[in-house]
Amino acid sequence: MQIHPNAVVDPAAELGEGVRIGAFAIVEAGARIGSNCEIQAHAVIGGHVTMGAGNMIGYGAIVGGDPQDLAFQRETSSEVRIGNRNRIREYCTIHRGTGEGSATVIGDDCYLMAGAHLGHNSQLGNHVILANNVLLGGHVSMADRVFVGGGSVFHQFVRVGRLAITQGMSGVGKDIPPFTMAAEINFVAGLNVIGMRRAGMGAEQRQKVKDAFDLLYREGLNVSQALEKAAETEAEWTPEVREFFDFVRGAKKRGICALLQQPGKPTRDGDDPA
């Protein structure tokens, strides 16, 4: 274990083997840090944080701060839970849950680039990448292998499906279905074909997803109609197609992102979301 003499580590914090803590970092009482983690200079680890092994917390990052919720009471018992091998770069902010017993959760092998913000009760799966200055409102959930371009912002309670990718500077207030590419404000522009290939999905699997995407977005149906038509062949769905349509079925009142059309063509942003 290597703790810089200018670091402030409360004796009631739990540190695993091989933990390294830089100058002027603060680790509060109650924090639990797994083995071989690195806490760089000026980072702050709050007392409600639990993290696994092999994580890196960058310079000036603040993990476990109180949520930005006017109704929050500081005596609330809530957490930030972080898995293994995550890289959380400079000046990221990750807030603890706002409700009693709730948590903000990061899985394994995620990469949060400089300045990213996770609002209270956000949930990241595994291998999620947030580029610089991505902002997630409270209760945002992202499934495995999501990639979010820099400067994108997410309204609270938005869901993002597995292997989705978001163009930089996007604004997202609706759910992004799995395997899609989101762009601009509340649109999808197509499928994340490269991401699917890299994840090991074969040509036949990708074609089935494309067929599902086309049914939802390119046949002139609203979401309810597309789901009804898809259900006619539900017995033939592949696991990926089931994942796609189950996600769409689970959309709440705000609905899913619409298809980005060519200039001069109408969009589907006003379609029935359920």
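Positions are given from 1 along the sequence.
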Look up atom [atom1] in [X] and atom [atom2] in [Y], then write down how far apart they are to the nearest 0.5 Å.
X      : Y      : atom1 : atom2 : result
Ile45  : Ile26  : CD1   : CD1   : 10.0 Å
Met196 : Thr180 : CE    : OG1   : 9.5 Å
Thr98  : Phe72  : OG1   : CZ    : 6.0 Å
Ile82  : Thr50  : CD1   : OG1   : 9.0 Å
Ile94  : Leu112 : CD1   : CG    : 5.5 Å
Arg96  : Asp69  : CZ    : CG    : 11.5 Å

Item checked: Ile176 vs Phe154, side chain to side chain contact (heavy atoms under 4.5 Å, CB included): CA-CA, chis, key distance, verdict -> CA-CA 11 Å; Ile176 302 173; Phe154 289 75; 4.1 Å; yes

Between [X] and [Y], which heavy-atom pair has the shortest distance, and what is it?
X      : Y      : answer
Thr166 : Ser152 : CG2-OG, 3.8 Å
Asp10  : Ala12  : OD1-N, 2.8 Å
Pro177 : Ala164 : O-CB, 3.9 Å
Gly161 : Ala143 : C-CB, 3.8 Å
Ser122 : Gly119 : OG-O, 3.0 Å
Ala131 : Gly150 : CB-N, 3.4 Å

Checklist line | Residue pair Arg145, Asn126: steps toward the side chain to side chain contact (heavy atoms under 4.5 Å, CB included) verdict | finding: CA-CA 6 Å; Arg145 297 187 181 277; Asn126 302 320; over 6 Å; no

Item checked: Sole residue of Val158, Val188, Asn186, Ile185 in side-chain contact (heavy atoms from CB on, under 4.5 Å) with Lys174 -> Asn186

With side chains defined as the heavy atoms from C-beta onward, is the minimum distance between [X] and [Y] less than 4.5 Å?
X      : Y      : result
Leu216 : Ile256 : yes
Glu243 : Phe179 : yes
Val160 : Val128 : no
His4   : Phe24  : no
Met181 : Ile165 : yes
Thr238 : Gln205 : no

Check: Going by an N to O cut-off under 4.0 Å, is there a salt bridge joining Arg159 and Asp175?
Finding: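 Looking at Arg159 and Asp175, the cut-off is met.
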
Notebook entry, point to check: Is any side-chain N of the basic residue among Arg249 and Glu234 closer than 4.0 Å to the acidic one's carboxylate O?
Noted result: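 Salt bridge flag = yes for Glu234 with Arg249.
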
Please determine whether the number of non-hydrogen atoms from other residues, nucleotides or ligands lying under 6.0 Å from atom [atom1] of [X] exceeds 12.
X      : atom1 : value
Arg198 : CZ    : no
Met1   : CE    : yes
Glu204 : CD    : no

With a 4.5 Å cut-off on side-chain heavy-atom distances among I, L, V, M, F, W and Y, is there a chain of contacts connecting [X] to [Y]?
X      : Y      : result
Val223 : Tyr217 : yes
Ile88  : Met113 : no
Val209 : Val248 : yes
Phe213 : Val241 : yes
Val148 : Tyr91  : no

Note to self: Could you go through Leu136 and Leu130, starting from their C-alpha distance and side-chain angles, then the distance that decides it, and tell me whether this counts as side chain to side chain contact (heavy atoms under 4.5 Å, CB included)?
What the structure shows: CA-CA 10 Å; Leu136 307 188; Leu130 306 183; 4.1 Å; yes

Notebook entry, point to check: Would Leu124 and Met142 satisfy side chain to side chain contact (heavy atoms under 4.5 Å, CB included), going step by step from the backbone distance to the final call?
Noted result: CA-CA 5 Å; Leu124 301 187; Met142 294 185 171; 3.9 Å; yes

Any donor-acceptor pair under 3.5 Å linking the side chain of [X] with the backbone of [Y]?
X      : Y      : value
Glu28  : Gly47  : yes
Glu100 : Ser77  : yes
Gln123 : Ala103 : yes
Trp237 : Ala230 : yes

Solution key, residues 54-65 side-chain donor-acceptor pairs under 3.5 Å, sequence neighbours excluded:
unit_1 : atom_1 : unit_2 : atom_2 : d
Asn55  : OD1    : Arg85  : N      : 3.3
Asn55  : OD1    : Asn86  : N      : 2.8
Asn55  : OD1    : Asn86  : ND2    : 3.1
Asn55  : ND2    : Gly52  : O      : 3.1
Asn55  : ND2    : Gly83  : O      : 2.9

Notebook entry, point to check: Going by the ring pair (Phe, Tyr, Trp, His ring centres under 6.0 Å) test, which pairs reach into residues 96-140, not counting sequence neighbours?
Noted result: His95-His117, His120-His139, His139-Phe157

